[in-house]
Amino acid sequence: MARPTPLSGFPEWLPDGRVVEQHVLEALRRTFELHGFAGIETRAVEPLDQLLRKGETSKEVYVLRRLQADEGDATPDDRGEKQLGLHFDLTVPFARYVLENAGRLAFPFKRYQIQKVWRGERPQEGRFREFVQADIDVVGAGELPYHYEVELPLVMAEALGSLRAIGVPEVRILVNNRKVAEGFYRGLGLGDVEGVLRQVDKLDKIGPEAVAELLVAEQGATPEQAKACLELAAISGSDASVVEQVRALAASYDAVTDLLETGLAELRALVEAAARRAPGVVVADLKIARGLDYYTGSVYETVLVGHEQLGSICSGGRYDTLASDGKNTYPGVGLSIGVSRLVSRLLSAGLVTATRGVPTAVLVAVTDEETREASDAVAAALRARGVPADVAPTAAKFGKQIKYADRRGIPFVWFPGEPDQVKDIRSGDQVDADAATWAPPADDLWPRVVPAGE
RNA sequence: GUGGCUAUAGCUCAGUCGGUAGAGCGCCUGGUUGUGGUCCAGGAGGUCGCCGGUUCAAGCCCGGUUAGCCACCCCA
């Protein structure tokens, strides 16, 4: 078979990268559980019509097809079967799960879900077609108290903060409130809120002049309305003063609306709570607009400080109708971490490293094949006491056996003998040892993830 | 989906004016009788992405194709 070429957008890490990824996943799971989120996993596929319903904005969905189903067969639709697609986020499957199990769940329901998702997009650095998301949501039956919109981003701040120890950069959670943007634009007399937001979102890329031109050309705004939009987008800060700035700006354009006031009250509550509980992490930024198609309240976007170009690594928001069966609606709020995007940057930028790519802490050397059993016995004794041990593959010269360990980052090589000896191949120290009692230093027992350079 | 760039050894890459391939790293062996990393000597390893064209001759020029990278779009 010819050598396979890598498939772009379907990332695969080497063993030491996987160590990093698993550490990240483990840390996130722990924080989520500390905050009372229950873990679930949903199937990889959903009916295609369900997948396309939500953010119908040209979601690239991978469709599932049976190889045996050739052209002669009726299409699934003809047979009354549902076309299936791989899910492209965890929110849509969760909404379906909530409806399906509403009678057996207790609301408000807090859940986390860490799974792969698939999107048929053009890959780039940090943009994948298959990637892992770590998602937390709270969903209520009929109602969902506002304070969850404050708490969820703080849980994420804590989760990402727990990764600082391994060298993950500081994060900044940028927040906005859809009611503020919508109330302001409507107050100005601009009806196409989403259209305006889409243009404003380009600010960082094309600059204020170009955005103003687009607002006039594409959204039919007057130059004055465009100017007001840019002024709103320019407001940011981490305390309640941003609320006053927005209100003053709106007043100056005579654009204060009830919706705006509602949104400002919510934004104020979020910013004030965040300033107390996670100082410096949450920043109100009135130009945050993305994903607003179904968000109805707070929206969040998270960047790694110093890696803003990577884009958001954790986004989400409040939606009044996460799910609805016609009779009952289930409002929710949630955020999702792009684990693959985060991990790929950690690895490619050399921010974190694994101390080794194999679990093995001790390689037991084999003197000759006749005495391999003695080496096996040593390994068994070590494993019985929780020390990951491997036995050399061949009774090669000891130099080669040491090299085998060195190549893999295994810190200790064990030499059976009278008495046994164990060598720390980093320092070269070699001492007598007994497999029934010897243990490596705690730091060497399992692979660890540490900031690069340590 | 749109645009630009790239494709040569396991990896990173050179390859001039068209004349049937090189380096570094890695890998294997040895430097004498069981202890790696440095050093020295030797060695293995390539249908130059694929298909076609021009030419006496193509890694090099032309067309196509596939894949990868980057930007846009959008997003985690």
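Below, chains carry the letters A, B, ... as their sequence lines are ordered, and counting in each starts from 1. All heavy atoms count here, side chains included; hydrogens, waters and symmetry mates do not.
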Whichever of A:Phe415 and A:Cys314 has the more 5' nearest nucleotide on RNA chain B, that residue is A:Phe415

With the side chain of A:Gln430 defined as its heavy atoms from C-beta on, choose the nearest nucleotide among B:U35, B:A71, B:A76.
B:U35

If you compare every side-chain N and O of A:Thr302 against the phosphate oxygens of B:A76 (OP1, OP2), does one of them come in below 4.0 Å?
no

Rounding to an integer number of angstrom, what distance separates B:U2 and B:A23 when you compare their P atoms?
43 Å

Go nucleotide by nucleotide along RNA chain B from the 5' end; which of A:Pro123 and A:Ile313 gets its closest nucleotide reached first?
A:Pro123

Could you tell me which nucleotide pairs with B:G22 by Watson-Crick or G-U wobble geometry, both distances under 3.5 Å, or answer none if nothing does?
B:C13

Of the nucleotides B:G36, B:C28, B:U2, which one has an atom closest to the side chain of A:Ile425?
B:G36

What does B:A71 pair with, Watson-Crick or G-U, if both distances are under 3.5 Å?
B:U2

Checking A:Asn101 side chain against A:Tyr97 main chain: does a donor-acceptor pair fall under 3.5 Å?
yes

Quick one: look up who B:G43 pairs with, Watson-Crick or G-U, both distances under 3.5 Å, and put none if it's unpaired.
B:C27

Side-chain atoms of A:Glu121 come closest, of B:C74, B:G68, B:C28, to B:C74

Nearest to the side chain of A:Lys423, heavy atoms from C-beta on, is which of B:G36, B:C28, B:C72?
B:G36

Say whether A:Glu266 and A:Ser298, considering side chains only, have a donor N or O and an acceptor N or O under 3.5 Å apart.
no

If I pick the P atom on B:U47 and the same atom on B:G63, what distance separates them, to the nearest angstrom?
27 Å

Measure from the side chain of A:Arg122, starting at C-beta and using heavy atoms only, and say which of B:G3, B:G68, B:C75 lies closest.
B:G3

Are A:Phe415 and A:Phe398, when compared by the centres of their aromatic rings, separated by less than 6.0 Å?
yes

Check every atom of B:G68, B:C28, B:C74 against the side chain of A:Lys403 and return the nucleotide holding the closest atom.
B:C28

Can you confirm whether or not the ring centre of A:Trp438 sits under 6.0 Å from the ring centre of A:Phe412?
yes

OP1 or OP2 of B:U33 under 4.0 Å from side-chain N/O of A:Lys397
no

B:A71 phosphate, OP1 or OP2: any side-chain N/O from A:Gln124 under 4.0 angstrom?
yes

Per-pair stack call A:Phe131 and B:A76, 5.5 Å, 30°:
yes

Please find out if less than 6.0 Å separates the ring center of A:Phe32 from that of A:Tyr112.
yes

For A:Arg372, the option from A:Thr367, A:Val364, A:Val391 that meets side-chain contact (heavy atoms from CB on, under 4.5 Å)
A:Val391

Distance below 4.0 Å between A:Arg407 side-chain N/O and B:G26 OP1 or OP2:
no

Under 3.5 Å donor-acceptor pair, A:Arg341 side-chain atoms to B:C75 base atoms:
yes

A:Lys400 has a side chain; which of B:G3, B:U29, B:C75 sits nearest to it?
B:U29

Considering only heavy side-chain atoms of A:Ser312, the closest of B:U35, B:G68, B:A76 is B:A76

Separation of B:C11 atom C1' from A:Leu14 atom CG, nearest Å, is 11 Å

